[in-house]
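What you are looking at is a predicted structure, and each value in this text was computed from that prediction instead of being measured. Here is how names work: the chains are called A, B, and so on, in the same order as the sequence lines, proteins then strands, and each is numbered from 1.
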There are 2 protein chains.
Amino acid sequence: MLSEKLLNTAIDHFGRFGFEGASTRAIAKASGTAMSSITYHFGGKEGLYLAAADHIAACITALQGERVAAARAAGRASRDAAIQGVLGVLDGFALMMLSAEAAPWARFITREQQYPTEAFDRLYNGAMRTLSEAMIELVSRARPDLPEAEAKATTILLFGQALVLRAGRASVCRVLAVERIDDSIAALLRARLRANALCILSETPQ
Amino acid sequence: MLSEKLLNTAIDHFGRFGFEGASTRAIAKASGTAMSSITYHFGGKEGLYLAAADHIAACITALQGERVAAARAAGRASRDAAIQGVLGVLDGFALMMLSAEAAPWARFITREQQYPTEAFDRLYNGAMRTLSEAMIELVSRARPDLPEAEAKATTILLFGQALVLRAGRASVCRVLAVERIDDSIAALLRARLRANALCILSETPQ
DNA sequence: GTCTATACTACGATAGAC
DNA sequence: GTCTATCGTAGTATAGAC
């Protein structure tokens, strides 16, 4: 599929160089086609950019959607189920942050987080919204003592622990004194994240 | 100071548009000078980029250095002092992530985290290294039950909770349903971060 | 030190062949 | 649907005036 190839190359280039820095010529060449194919398929550079955002949202939903929906439903049973649900969703998110497949998506999204454009709306509504809403519900059930705003803040901070694994990747590698995060280091980080989250969620109000 | 003005404009433009996307013409114009001043002062676009990284590192050190050194020294006294030290350093870091002043630095650094260049070495050695080393020492004292690798992982995850406040800013605003993070929301987030960190650090091994 | 002028390359968009 | 050719614009670098 030519347009699929163009989309994946576009995500990579936009993530690397930003919207202005990326070149449609280079994207087309790396996809093995001519620049005017982009005009034909997507209407231009901006159309390609927005289509790339939609594609990322679809990929994330395909990867996380089922797990999140299941955890959300199961979490309604009990506080303990909610805690397990948070741990499961968070671990799925951490796995995505650790995977090489998701690296280009993360670079694209990270840029949009700084200066959101229409592409961020598509990312948020297409993928992030269900993820965050499920997490907020689960956290609220796990910590019924927290007011809504505090539960939302806790959700954000929990995601932050997973986010750093991608958004701060170079620093993570420096701190751990490794070239790349292999399976054993990933397991260690995930276990720590799980322990931290469990500790935060199971804290009982005094 | 003309070269100072150029540096600050450069940090902003490189952070917004990336190295390739930023234009030396635009940077010069926004600084009220001609493009060839960049050649004169910094040798070219790349020299300006590296100088911008050095400038950011110096600014961060000026902002955090004293507090971090004090916390590190005080933390050697007792486990409790170490815990308080971590909370203090983390709060200082969170404040930086929340401040508008540091936003351009964060955008610049976030880009470097994804594809580190020589500029990342300068950022890490110039500012991040002392910060992370101090935190690892403090966390190790606060949680003497943790092996070194686990203490490092915990440090990373603790920083992640503060990092998300900048690196995931657009999502944070969406989740909290606000346009911008005002003082009261910032206070809430910092308090939650403090509570989470305290809970993680004061956990006693079973 | 800071400017203008210029050389050269690469950009996105578009028209038109096939 | 995919290509080549071309247009106007904007990029960096550099030389030389002041």
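In this structure, A:F42 has no ring pair (Phe, Tyr, Trp, His ring centres under 6.0 Å) partners at least two apart in sequence or on a different chain. A search for ring pair (Phe, Tyr, Trp, His ring centres under 6.0 Å) contacts involving A:Y49 returns A:F14, A:F19, A:F108, not counting sequence neighbours.
Between the side chain of B:S31 and the backbone N or O of B:T33, no donor-acceptor pair lies under 3.5 Å.
Residue B:L48 contributes atom CG, which lies 14 Å from atom C1' of D:dA13 at whole-angstrom precision. Going from atom CZ of A:F17 over to atom P of C:dA10 covers 14 Å, rounded to whole Å. The NE2-P distance, from A:H13 to C:dC11, rounds to 11 Å in whole Å.
For A:D183, the CG atom counts as loosely surrounded, since its 6.0 Å shell holds 12 or fewer non-hydrogen atoms of other residues, nucleotides or ligands. Environment of CD in B:E46: sparse, with no more than 12 heavy atoms of neighbouring residues, nucleotides or ligands closer than 6.0 Å.
Pairs engaging residues 56-73 of chain B under the side chain to side chain donor-acceptor pair (under 3.5 Å) rule: B:R72-B:E137 [sequence neighbours left out]. Within the structure, side chain to side chain donor-acceptor pair (under 3.5 Å) pairs that include any residue of residues 87-104 of chain B comprise B:D91-B:R190 (at least two apart or interchain).
Over its length, the helix from C:dG1-D:dC18 to C:dC18-D:dG1 turns its helix axis by 0°, as judged from the five terminal pairs at each end, rounded to 10°.
Under 4.0 angstrom from either OP1 or OP2 of C:dG1 there lies at least one side-chain N or O belonging to B:Y40. Contact between the side-chain N/O atoms of A:S37 and the OP1/OP2 oxygens of D:dG1 is not found at any separation under 4.0 Å.
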Checklist entry - Reading nucleotides 12-18 of chain C from the 5' end, what letters show protein touch, with B for base, S for backbone sugar-phosphate only, - for no heavy atom under 4.0 Å? => result BBBB---
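A salt bridge between B:D121 and A:R174 is present, with a side-chain N of the basic residue lying under 4.0 Å from a carboxylate O of the acidic one.
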